[in-house]
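Okay, so here's the structure we're looking at.
In what follows, chains carry the letters A, B, and so on, assigned in the order in which the sequence lines appear, proteins first and then strands, with residues in each chain numbered from 1.
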Amino acid sequence: MAVVSGIRDLGAHVGETVTLRGWVQTTRTHGKVAFVVLRDGTGIVQGVVLQKEVGPDVWERFGALTLETSIELRGTVREERRAPGGYEIGVQDLRILGPSHDYPIQPKEHGPDFLLDHRHLWLRSSQQRAIMLVRNEVEKAIVDFFYDRGFVRVDTPILTGAVGEGGAGLFEVDYFDDKAYLAQTGQLYGEAAAAALGKIYTFGPTFRAEKSKTRRHLTEFWMVEPEMAWYDSNDNMRLQEELVSYLVGRALERCKNELEYLGRDISRLEKVTPPFPRLEYGDAVALLQQHGSEIQWGTDLGAPDETILGSIYEKPVFVMNYPKQAKAFYMKENPADPRTVLCDDLIAPEGFGEIIGGSQREDDLDRLVARIQEQGLPLEAYGWYLDLRRYGTFVHSGFGLGVERTVAWITGRPHIRETIPFPRMLYRLYP
RNA sequence: UCCCGCGUAGCUCAGUCGGUAGAGCAGCGGACUGUUAAUCCGUUUGUCGCAGGUUCGAGUCCUGCCGCGGGAGCCA
């Protein structure tokens with residue numbers, strides 16, 4: 001009696017006859033013995049055929065298998081030290097379910113342009129599969145982390161009016177006879193929801209129409225944005241380091257095989273535990289200048305500055321309380337130094353750059369209005385947002401964590417385009 | 001938008017001083033009873049990104065355009 005089993009669970013079926021369905025990853029023939037490596041999404045296993053043990057029809061079909069043909073194999077499971085994974089299938093029968101001729105991606109080096117044009121097929125590779133499994137784990141860990149701490153998930157709109165962090169970088173879409181924009185953050189809606197539900201988070205895609213061409217940018221990316229009533233900036237940072245440490249810990253706990261397959265230095269990730277180092281912006285500038293940076297007080301950190309900081313510390317590092325003019329209008333003025341605002345960026349180590357931007361929000365109506373006007377933003381677009389300060393204003397803070405940047409760091413991928421199934425980038429909308 | 005680089009076979013690339021194109025892999029045919037991107041023998045494959053210019057002659061030099069990559073800015 002044949003048992004249909006996933007490759008991952010084959011160890012429990014040694015000695016039994018099983019039927020497996022999947023795709024041909026590689027084939028090797030060797031005279032009167034032939035091998036096929038089968039992938040079914042749960043793992044890979046080697047099937048072996050001996051010419052003398054099967055009929056000539058099975059032998060002929062097996063020998064003619066091509067890359068990515070979908071097949072059904074029937075055979076017995078046995079332990080085999082020489083086989084990848086430790087088990088193999090002694091094949092008795094083979095059915096071809098879907099032929100595959102001239103599969104474009106070969107088991108060899110390819111360039112990024114070719115691979116991205118074939119992203120729909122590239123995803124089948126072991127390496128890309130490992131990255132997707134880590135992404136899956138990180139996304140599940142995000143949801144678990146917040147659920148376990150009493151946060152309510154709030155889904156904020158993707159189609160929005162002009163409300164956002166500023167005018168630049170918005171994708172415009174027709175909205176009947178009006179214009180709408182794809183959301184570049186859910187934060188302002190998150191603030192409204194925090195007044196209703198206390199601690200909330202949003203988790204979804206976000207869109208930036210920036211003509212960025214770097215390894216750290218996508219035009220569509222996933223962001224998790226918690227917003228907490230009664231949290232000040234320090235509470236905010238404590239939550240951030242807990243979250244990031246939890247995500248890394250979950251990846252280490254449940255995706256160790258994938259991380260090892262990707263060649264990740266596990267020992268670097270094992271050091272990611274709270275607390276993370278904290279640097280006041282002014283101290284960061286001084287430190288960067290010592291390390292050769294041209295940065296001057298008043299400007300945001302550049303990408304090279306983030307790389308320098310990421311190489312000094314083994315853990316992610318907070319840079320806190322930036323000058324007002326470098327940051328968004330909604331950040332709260334720092335009582336200890338009114339030139340600055342209560343905010344933080346979290347810089348990942350090993351050159352992976354900023355993975356979190358967060359702040360305490362300005363809860364004073366008059367100061368908030370003044371900041372909107374200072375930055376030349378249209379006050380009328382923020383009417384409902386200002387209501388949050390008119391009706392029971394409250395101390396609150398929040399942040400945004402970029403999922404792709406986090407996964408790139410955890411998996412050690414140099415470019416975030418490999419951490420999302422179908423990356424949307426400048427000039428790249430297909431597949 | 002700006003700066004830098006690349007564009008030659010299905011893929012990855014070489015091509016010298018300007019003299020009309022080559023390798024490996026893949027594919028195809030064959031050999032092989034334990035392979036791990038097997039190995040070995042044989043073999044097919046070209047709008048040299050596009051357009052123009054210089055030249056007796058351009059893959060090679062010049063100009064423009066297109067595509068892609070990397071970086072800057074913006075940020076997650």
Starting at atom CD of Gln375(A), determine the distance to atom P of C74(B), rounded to an integer number of angstrom.
14 Å
Tell me whether the rings of Tyr231(A) and Phe151(A) are parallel (<30°), tilted (30 to 60°) or perpendicular (>60°).
perpendicular
For the side chain of Glu354(A), counting heavy atoms from C-beta on, which of C68(B), C75(B), U33(B) is nearest?
C75(B)
Report yes if at least one side-chain N or O of Arg216(A) is closer than 4.0 Å to OP1 or OP2 of A72(B); otherwise report no.
yes
Could you work out the separation of G34(B) and U39(B) based on their C1' atoms and round it to a whole Å?
13 Å
Per atom distances to the Arg215(A) side chain, the nearest of U36(B), G71(B), C68(B) is G71(B)
Looking only at G34(B), C74(B), U36(B), the nucleotide nearest the Ser212(A) side chain is C74(B)
Whole-Å distance, His101(A) NE2 to G10(B) C1', equals 16 Å
In terms of ring plane angle, is the pair His110(A) and Phe114(A) parallel, tilted or perpendicular, where the classes change at 30° and 60°?
parallel
Under 3.5 Å donor-acceptor pair, His217(A) side-chain atoms to C75(B) base atoms:
yes
Under-4.0 Å side-chain N/O to phosphate OP1/OP2 contact, Arg417(A) with G70(B)
yes
Integer angstrom distance from the P of G15(B) to that of C4(B)
23 Å
C1' atoms of C6(B) and C48(B), separation to the nearest Å:
14 Å
Would you measure the distance from the P atom in G27(B) across to the matching atom in G7(B) and give it in whole Å?
27 Å
Considering only the P atoms, how many Å lie between C61(B) and U35(B), rounded to the nearest integer?
49 Å
Closest nucleotide of RNA chain B for Phe221(A) versus for Gly302(A): which of these residues is on the 5' side?
Gly302(A)
Base, sugar-phosphate alone, or nothing: which one does Leu401(A) contact when heavy atoms must sit under 4.0 Å apart?
nothing
If I pick the C1' atom on C66(B) and the same atom on G24(B), what distance separates them, to the nearest angstrom?
30 Å
Spacing of Glu306(A) atom CD relative to A76(B) atom P, expressed in whole Å
10 Å
What I want to check is whether an N or O donor and acceptor connect the side chain of Gln51(A) with the base of U33(B) at under 3.5 Å.
no
Is it the case that C32(B) (base atoms only) and Arg28(A) (side chain only) share a donor and an acceptor within less than 3.5 Å, ignoring hydrogens and angles?
no
Give the nucleotide from the list G70(B), C32(B), A76(B) with an atom nearest to the side chain of His415(A).
G70(B)
Among C32(B), G73(B), U36(B), find the nucleotide with the atom closest to the side chain of Arg82(A).
U36(B)
Length of the NE2-C1' vector between His30(A) and U36(B), whole Å
12 Å
Contacts of type side-chain hydrogen bond (donor to acceptor under 3.5 Å, both in side chains), residue Glu60(A), not counting sequence neighbours:
none
Is it the case that over 12 heavy atoms from other parts of the model lie below 6.0 angstrom from the CZ atom of Arg21(A)?
no
Using the C1' atom in both, what is the distance from C40(B) to C56(B), to the nearest Å?
48 Å
Let me spell it out: for each of Ile416(A) and Gln46(A), pick the nucleotide of RNA chain B with the closest heavy atom. Which residue's pick is nearer the 5' end?
Gln46(A)
Specify whether Trp297(A) and Tyr281(A) have parallel, tilted or perpendicular ring planes, treating 30° as the upper limit for parallel and 60° as the lower limit for perpendicular.
perpendicular
Nearest-angstrom distance from the residue atom CD of Glu227(A) to P of A76(B)
13 Å
In dot-bracket, 5' to 3', how would RNA chain B read with Watson-Crick or G-U wobble pairs under 3.5 Å, [ ] for crossing ones and | for pairs to another strand?
(((((((..((((.....[..)))).(((((.......))))).....(((((..]....))))))))))))....
Protein-nucleotide distance (Met223(A), atom CE; A76(B), atom P), rounded to Å:
6 Å
Would you indicate what Ala303(A) reaches in the nucleic acid, counting non-hydrogen atoms under 4.0 angstrom: base, sugar-phosphate, or nothing?
sugar-phosphate
Protein and nucleotides 24-28 of chain B: nitrogen or oxygen contacts under 3.5 angstrom:
residue, atom, partner, partner atom, Å
G24(B), N2, Lys108(A), NZ, 2.6
A26(B), O4', Gln106(A), OE1, 3.2

Residues, nucleotides or ligands: over 12 heavy atoms within 6.0 Å of Glu253(A) CD
yes
Measuring only the C1' atom in each nucleotide, how far is G30(B) from U44(B)? A whole number of Å is fine.
16 Å
